[in-house]
Amino acid sequence: MWNLPHGPLHADMYAYTMALAHFRKGDHDTPTTYHAFVRKNPFGGSYTLVAGIHDFLRWLRDFRFTDYRTDYLASLKTMKGNRLFDDAFLKMVRDTPLSLTIDALPEGELTFPNVPVARVSGPQWQCLIVEATLLNLINAQSLVATEASRCVHAAEGTPVIDGSLRRSMDVGGYASARAAFIGGFSGTSNVAVARALGLPARGTFAHAYVTFHKEEETAFRNYAETMDDVVMLLDTYDTLTAARLATRICKEIGKPLLGVRLDSGDLGWLSLEVRRILDEAGFRDTYVMASNDLNPRTIASLRAQQKAGEAAIDRWMVGTDIGAPHEGGALGGVYKLAEVAGRPVIKVAERGVSAADTKTTIPGPYGVVRMLRDKDGRERIAGDTLLSLDTLGRVTGWGATDKLTSPDNGRFQLTSDLVSVNLADPERPTKFRAGQLCYVPHRRMMTRGDIVYEMPSLDEIQAFARTGLDRLDPAHRRLDQPHIYVAGLDEGLYEMRRRMIRDIHLSHQ
C-alpha cells in the first residue's frame with residue numbers, strides 16, 4: 001500500500017500552538033464539533049465528487065505520539081529560545097488515545113457548497129490536530145476526481161486513461177491516479193500506483209523509442225516483433241506516413257495493430273485521416289487514441305467534431321489536466337468550528353457583507369437530507385437541505401441521531417414538510433412535502449477513535465460515483481454555464497444563523 005504522511009506530526013503548526021494554549025488553560029478536552037466543506041465547486045461547475053476520505057482514515061490508524069514524534073516536538077524552540085512544548089503537554093498528547101467521532105460522505109458521493117464532507121467531533125485539541133491532513137487529502141483528491149468525471153462525461157462513453165505522473169503536483173502521482181479512477185478513468189500509466197491499488201496499467205511508447213533508431217521503420221518493426229500488444233505512437237515525424245508504415249509492418253509480420261496514438265497536431269483531422277488509412281489496410285478494429293494536454297473542453301470539442309464526421313477518436317489519455325488541474329487551481333475546502341460543549345458558534349464575515357457571503361459559516365452540528373425525484377423514468381437528485389441533527393432525526397423519522405450515519409443509506413420519505421431556504425435568495429424558499437423521497441448521504445466512519453466503516457474497493461467506489469453522477473440532471477453536468485445546484489437551509493437553521501449574525505453585529509457596535 002502507498003505510504004501516507006506519518007502520524008500526527010502531519011499537521012499545521014497553528015494546531016499545536018492552539019492545543020498548547022488550550023492545555024495551559026485546562027480546556028483542551030472541551031468537546032467540539034467541526035465541519036469540513038467546500039465553499040464553492042471547482043471549474044465553475046455545479047458539483048464536487050468526494051475522494052480522499054479512505055486515506056484520511058488510514059492516516060488516523062497511525063495517530064500515535066511515539067517517542068521520536070514527541071522528541072521532535074520537545075526540540076522545538078520559541079522565538080526567545082525557550083522550549084515551545086513542555087513535558088506536561090507532551091505527556092498529555094502521548095498518553096491520551098484518539099477519541100474522535102467522524103461522520104463523512106463516502107468516497108464517490110457528490111457534495112455541494114456548505115454540505116459537510118466530514119463532521120468531526122471530540123476533544124478540542126484532537127479536532128485541531130487532524131484538520132490539515134483531512135483537508136490535504138480531501139481537497140487534492142476531490143479536485144482531481146471532479147475533473148476526471150468531467151473528462152469522462154465529455155468523452156461520452158469512450159475510455160479515458162490517466163497519464164499524469166510526469167506532470168503531477170503530488171510526489172509519486174498517487175493522489176492523481178487514485179482520484180482519476182474514482183472519477184471514471186479506466187486505467188493509469190503510473191506503474192507503482194497501478195500495483196498498489198490494483199488498477200489497470202496502460203502505456204504505449206514515447207518519441208524517444210523512435211528517435212533512438214536510425215529509421216522509424218526499424219523502430220516500428222522492432223516494437224511490433226517484440227511486443228504482444230502493438231500500439232504505435234505516430235507523430236514523431238509525419239503522422240500519416242507513420243500510419244501507413246505501421247499497418248504495412250503489422251501485415252508483414254502477421255500481428256494485429258491494437259491501437260495508435262496521436263500526440264500533436266490537429267487531432268480531429270489527423271484522426272480522421274488515420275482512421276481512413278487503418279480501414280483501407282483492413283485494420284478496422286484498431287483504436288485511435290488522442291493525448292496532448294487534453295481537458296474536458298478539448299475532449300468535448302473533438303467529440304462534437306466526431307459527430308460531424310470530422311474526427312475519429314476511440315479513447316483518450318489525459319495527463320497535465322489531471323496532475324495539475326489548471327482551471328481549478330485548488331479546491332477551497334475549509335474546516336470550521338460549529339459547536340463548543342453543546343453551544344453553537346459561528347464565524348461571521350466582515351461587516352457590510354451579506355448573510356449569503358460564503359465566509360459566514362453555519363452554526364451548530366448539522367447534516368443534510370438529499371431529495372430524490374423521478375424524471376423521464378430516471379431517478380434524479382432534486383435538492384439538498386441542511387438542518388440541525390435534531391431536526392434531521394425528526395423529519396426523517398429516524399428518531400435516534402446515532403442512526404443518521406448508518407451505512408444502510410436506504411431511501412425513506414419525509415415525515416413532515418420541510419422548507420429549504422437558499423442563502424443567496426432567501427425570499428424564494430422551496431417546500432418539500434411530507435412523503436418526499438430522500439436519503440441521508442453521511443456515514444459513520446469513526447466512533448470514539450475506532451474506525452467502524454467498512455471501506456469498499458476502488459471498483460465499488462467508481463461504480464458508486466457513476467451512479468451518483470447519473471442522478472444529476474444533465475443541466476448540472478454541462479461544462480459551460482451549468483445550472484447551479486443549491487443546498488438550502490431548513491427554516492430553523494436559517495433563522496438561528498440569521499439571529500446569531502445580527503446579535504454579533506449589534507454586540508460589536
Side-chain angles (χ1 to χ4, degrees), residues 14 18 21-22 25 27 30-41 48 103 111-122 124 127-128 131 135 332-371 383-396 401 404 414 416-433 440 442 484-509:
Y14 75 9
M18 285 189 287
H22 281 302
K25 288 297 183 181
D27 56 11
T30 302
T32 54
T33 297
Y34 286 77
H35 294 128
F37 58 93
V38 298
R39 284 180 170 145
K40 65 178 181 179
N41 294 311
T48 299
D103 303 322
T111 192
F112 308 95
N114 294 319
V115 174
V117 175
R119 183 171 53 248
V120 180
S121 300
Q124 166 72 344
C127 289
L128 290 170
E131 173 191 2
L135 293 181
V334 295
Y335 183 82
K336 298 298 179 183
L337 181 62
E339 181 186 50
V340 176
R343 172 177 58 87
V345 298
I346 188 171
K347 188 271 181 192
V348 179
E350 282 293 323
R351 291 173 58 86
V353 179
S354 74
D357 179 77
T358 56
K359 287 198 172 184
T360 295
T361 62
I362 298 170
Y366 63 91
V368 61
V369 61
R370 185 158 290 169
M371 312 300 175
D384 281 17
T385 299
L386 309 177
L387 57 178
S388 69
L389 293 186
D390 288 342
T391 305
L392 184 58
R394 174 172 53 79
V395 300
T396 61
T401 56
L404 296 178
L414 292 180
S416 59
D417 292 351
L418 186 63
V419 176
S420 186
V421 181
N422 181 352
L423 288 176
D425 190 9
E427 299 305 316
R428 292 195 291 180
T430 300
K431 177 180 280 191
F432 295 100
R433 303 283 185 180
V440 175
H442 287 98
I484 300 302
Y485 186 100
V486 175
L489 277 62
D490 93 289
E491 285 183 304
L493 187 57
Y494 173 78
E495 286 300 322
M496 180 175 72
R497 181 178 185 269
R498 187 186 64 80
R499 287 194 306 269
M500 291 180 70
I501 294 170
R502 177 179 178 275
D503 290 346
I504 288 173
H505 281 166
L506 288 175
S507 68
H508 285 76
Q509 290 182 5

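Index from 1, following the sequence. Here the structure is a predicted model, which means the values were calculated and not measured.
Judged by distance alone, with hydrogens and angles left aside, the side-chain atoms of Y335 form a donor-acceptor pair with the main-chain N or O of C127 at under 3.5 Å. Looking at T361, its side chain does come within 3.5 Å of a backbone N or O of K347 through a donor-acceptor pair. Although no hydrogens or angles enter the test, the distance criterion places a donor-acceptor pair under 3.5 Å between the side chain of R497 and the main chain of T360. A donor-acceptor pair under 3.5 Å links the side-chain atoms of R119 to the main chain of Y366, judged by distance alone. H35 contributes no side-chain N or O that, together with a main-chain N or O of N114, makes up a donor-acceptor pair within less than 3.5 Å. Of the possible donor and acceptor atoms, one in the side chain of Y485 sits under 3.5 Å from a partner among the backbone N and O of G383.
The closest side-chain heavy-atom distance from N422 to R428 is not below 4.5 Å. A heavy-atom distance below 4.5 Å is not found between the side chains of R502 and I504. Using a 4.5 Å cut-off on side-chain heavy atoms (C-beta onward), L493 and T391 make no contact. At least one side-chain heavy atom of F112 sits less than 4.5 Å from a side-chain heavy atom of R370. Considering only heavy atoms from C-beta on, R39 comes within 4.5 Å of V334 through its side chain.
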Criterion side chain to side chain contact (heavy atoms under 4.5 Å, CB included) on L423 and L489, from CA distance to verdict: CA-CA 7 Å; L423 288 176; L489 277 62; 4.0 Å; yes
Check against side chain to side chain contact (heavy atoms under 4.5 Å, CB included), T48 and V117: CA-CA 10 Å; T48 299; V117 175; over 6 Å; no
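Between S420 and the choices D384, T430, T385, D490, the side chain to side chain donor-acceptor pair (under 3.5 Å) rule is met once, by T385.
Between P116 and L386, the shortest heavy-atom distance links the atoms CD-CD2, 4.4 Å. What you find for V419 and P429 is that their closest heavy atoms are CG1-CB, 3.7 Å. Contact detail for P344 and M500: the closest heavy-atom pair is O-CE, 3.5 Å. Counting all heavy atoms, side chain and backbone alike, G367 lies closest to L392 at CA-CD2, 4.1 Å. Between L414 and F432, the shortest heavy-atom contact is CD1-CB, 3.9 Å. Taking both residues in full, the closest heavy atoms of T30 and A341 are given as CG2-CB, 4.0 Å, listed atom of the first, atom of the second, then distance.
Counted by atom type alone, T33 and S121 present one or more donor-acceptor pairs between their side chains at under 3.5 Å. Under 3.5 Å, the side chains of Q124 and T32 contain a donor-acceptor pair of N or O atoms. Side chains of H22 and D27: a donor on one and an acceptor on the other come within 3.5 Å.
The distance from atom CD of E491 to atom NZ of K431, rounded to the nearest 0.5 Å, is 8.0 Å. Summarising the geometry, atom CG belonging to L135 is positioned 10.0 Å from atom CZ belonging to F37; distances are rounded to the nearest 0.5 Å. Annotation: the span from I346 atom CD1 to D503 atom CG amounts to 10.0 Å, rounded to 0.5 Å. Atom-to-atom distance recorded for N41:CG and I484:CD1 is 7.5 Å, nearest 0.5 angstrom.
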